[in-house]
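A short worksheet on the structure shown next.
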Amino acid sequence: GPIIQTLSIKSLKSAIYLGGVVTVVDASNILAQLDRFHEAGEQIGHADLLLLNKIDLVDEVAIARLQMRLTAINGMAKILIRQGASDAVAEIFDLPVARRSDAEVIAFKTRTGNVHRHAHLDQVRSFVVQLSAPLDQGQVQDWFSYLIMRHTERLLRYKGILNFEGIEKRVVLQGVHGLLEIRADRDWLPAEARMTTVVFIGKDLPEQDFREGLARCIATGEPAAQFI
C-alpha cells in the first residue's frame, strides 16, 4: 500500500513506471493466514497478479475453494496456478497481458455471486458497481472526493471504466487509498455497451452506500462541469 502510493506521486511517475503488483500466495498456508492476520488480506487486495504456488501440497478441491476466496477478496487480480514461482516468469514480466481484461473484470460480478457468503469473515473483499446510464463528471468528482476523505484507510484499490455524458471516449479510473486518477481512454467501439464498471477493494467497506452514491451521480441532462 504505502509503496504503491509513493510510486504514484507525480514527481516519481515520470521516472518510475509501476507495471503492477505481484503477490505470491502459499496454497498450503494462506487460508489459515487469512483467518489469523488481516495483513494477508491487504496484500492480496493490492495485487494485480496473484501467483498461487505450492499447489502440490493441496488437492484440487482445496485449490478451487482457495480461488473462490481470493476472487472474493480481489476481483481485479488474475490468478496464476503454478508449482513454483519460477514457472511464471513470462507472466510476471508482462503484467499488462497477465492482468484481467475489462471483460474478465465485468464477468467477475456474475461469477462470484455465491462467493461472498463463503468469505464473509474476510475484512478485505471486492465488489463491482455497474451502471448503464451516463454519469455527470462534476458529481463523480465530488463523490470520489467525499469517498476518499471518509474511507481513505479502508479503500485499498479501486479501478474501472466510466461512461460520462457528453464524452465520446471511455474514461479510466484508478486509485490507491487517497490517490485518484481519472483520464480519458480510447473511443467507445460501435458494438461496445457504454457502461460504467468500477471494482472496489477494501476493508469492511459499506457496499450499499457505494452503490447508492455512484447511482446519485447519474446525469440529469442539465449542463455539467467538465474536467476530462
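Start at 1 with the first residue, then count along the sequence. None of these values were measured; they are calculated from a predicted model.
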Legend entry - Pair I44-L34, side chain to side chain contact (heavy atoms under 4.5 Å, CB included): steps then yes or no: CA-CA 10 Å; I44 291 169; L34 285 170; 3.9 Å; yes
Legend entry - Atom pair CZ (R211) and CD (E207), whose distance is rounded to the nearest 0.5 Å: 4.0 Å
Inset, instruction - First locate atom OG of S145, then atom CZ of R150, and finally report the distance between them rounded to the nearest 0.5 Å. - result: 15.0 Å
Inset, instruction - Determine the minimum heavy-atom distance between A184 and K169, stating which atoms define it. - result: CB-CD, 4.2 Å
Legend entry - Identified side-chain contact (heavy atoms from CB on, under 4.5 Å) counterpart of I161 within the set R170, M195, E192: R170
Legend entry - Carboxylate-amine/guanidinium proximity below 4.0 Å for E153 and K203: no
Inset, instruction - Starting from the C-alpha separation in whole Å, work towards a yes-or-no answer on side chain to side chain contact (heavy atoms under 4.5 Å, CB included) for I148 and Y158. - result: CA-CA 11 Å; I148 290 169; Y158 39 107; 3.5 Å; yes
Legend entry - Salt bridge flag under 4.0 Å for residues R65 and D59: no
Legend entry - Rounded distance [0.5 Å steps], CG in D48 versus CE in M76: 6.5 Å
Legend entry - Basic-acidic side-chain contact under 4.0 Å: K54, D26: yes
Inset, instruction - Would you indicate whether the side-chain heavy atoms of N163 and W188 approach each other to under 4.5 Å? - result: yes
Inset, instruction - Can you spot which of V172, L162, V171 makes a side-chain contact (heavy atoms from CB on, under 4.5 Å) with D185? - result: V172
Legend entry - Distance flag, aromatic centroids of H177 and H151, threshold under 6.0 Å: no
Inset, instruction - Kindly give the heavy-atom pair with the smallest separation between A77 and A47, and that separation in Å. - result: CB-O, 3.6 Å
Inset, instruction - Would you tell me whether Q208 and E212 have side-chain atoms, one donor and one acceptor, within less than 3.5 Å of each other? - result: yes
Inset, instruction - To the nearest 0.5 angstrom, please state how far the OG1 atom of T220 sits from the CD atom of Q139. - result: 6.5 Å
Inset, instruction - Could you tell me whether the side chain of V176 reaches within less than 4.5 Å of the side chain of L156, counting heavy atoms only? - result: no
Inset, instruction - May I ask you to test the D136-C217 pair for a side-chain heavy-atom distance under 4.5 Å? - result: no
Inset, instruction - Show your working on side chain to side chain contact (heavy atoms under 4.5 Å, CB included) between V25 and N53 and close with a plain yes or no. - result: CA-CA 6 Å; V25 179; N53 74 343; 5.9 Å; no
Inset, instruction - Taking atom CZ of R154 as the centre, report whether more than 12 heavy atoms of other residues, nucleotides or ligands fall under 6.0 Å from it. - result: yes
Legend entry - side chain to side chain donor-acceptor pair (under 3.5 Å) partner of Q174, chosen from K159, R157, E181: E181
Inset, instruction - Before accepting this row, confirm whether a basic side-chain N of the pair E168/R194 lies closer than 4.0 Å to the acidic partner's carboxylate O. - result: yes
Inset, instruction - Might you point out which heavy atoms bring L66 and I30 nearest each other, and give the distance in Å? - result: CD1-CG2, 3.3 Å
Legend entry - Over all atoms of both residues, closest heavy-atom pair of A27 and L52: CB-CD1, 3.6 Å
Legend entry - Interatomic distance, N74 atom CG to I201 atom CD1 [nearest 0.5 angstrom]: 3.5 Å
Legend entry - Residue pair S126 / T71: nearest heavy atoms and the distance that separates them: OG-O, 3.5 Å
Legend entry - Pairing of D35 and R69 as salt bridge, 4.0 angstrom limit: yes
Inset, instruction - Could you tell me whether the side chain of V21 reaches within less than 4.5 Å of the side chain of L49, counting heavy atoms only? - result: no
Inset, instruction - Would you check if L51 and T23 make a side-chain contact, meaning some heavy-atom pair closer than 4.5 Å? - result: no
Inset, instruction - Would you mind reporting whether F210 and L147 have side-chain heavy atoms less than 4.5 Å apart? - result: yes
Legend entry - Nearest-0.5 Å distance that lies between atom CD1 in I79 and atom CD1 in I63: 11.5 Å
Inset, instruction - Show the numbers, then the answer: is there a side chain to side chain contact (heavy atoms under 4.5 Å, CB included) between T196 and F164? - result: CA-CA 8 Å; T196 291; F164 279 139; over 6 Å; no
Inset, instruction - Assess the side chains of E42 and H46: does a donor N or O sit below 3.5 Å from an acceptor N or O? - result: no
Inset, instruction - Specify whether F200 and W143 have parallel, tilted or perpendicular ring planes, treating 30° as the upper limit for parallel and 60° as the lower limit for perpendicular. - result: perpendicular
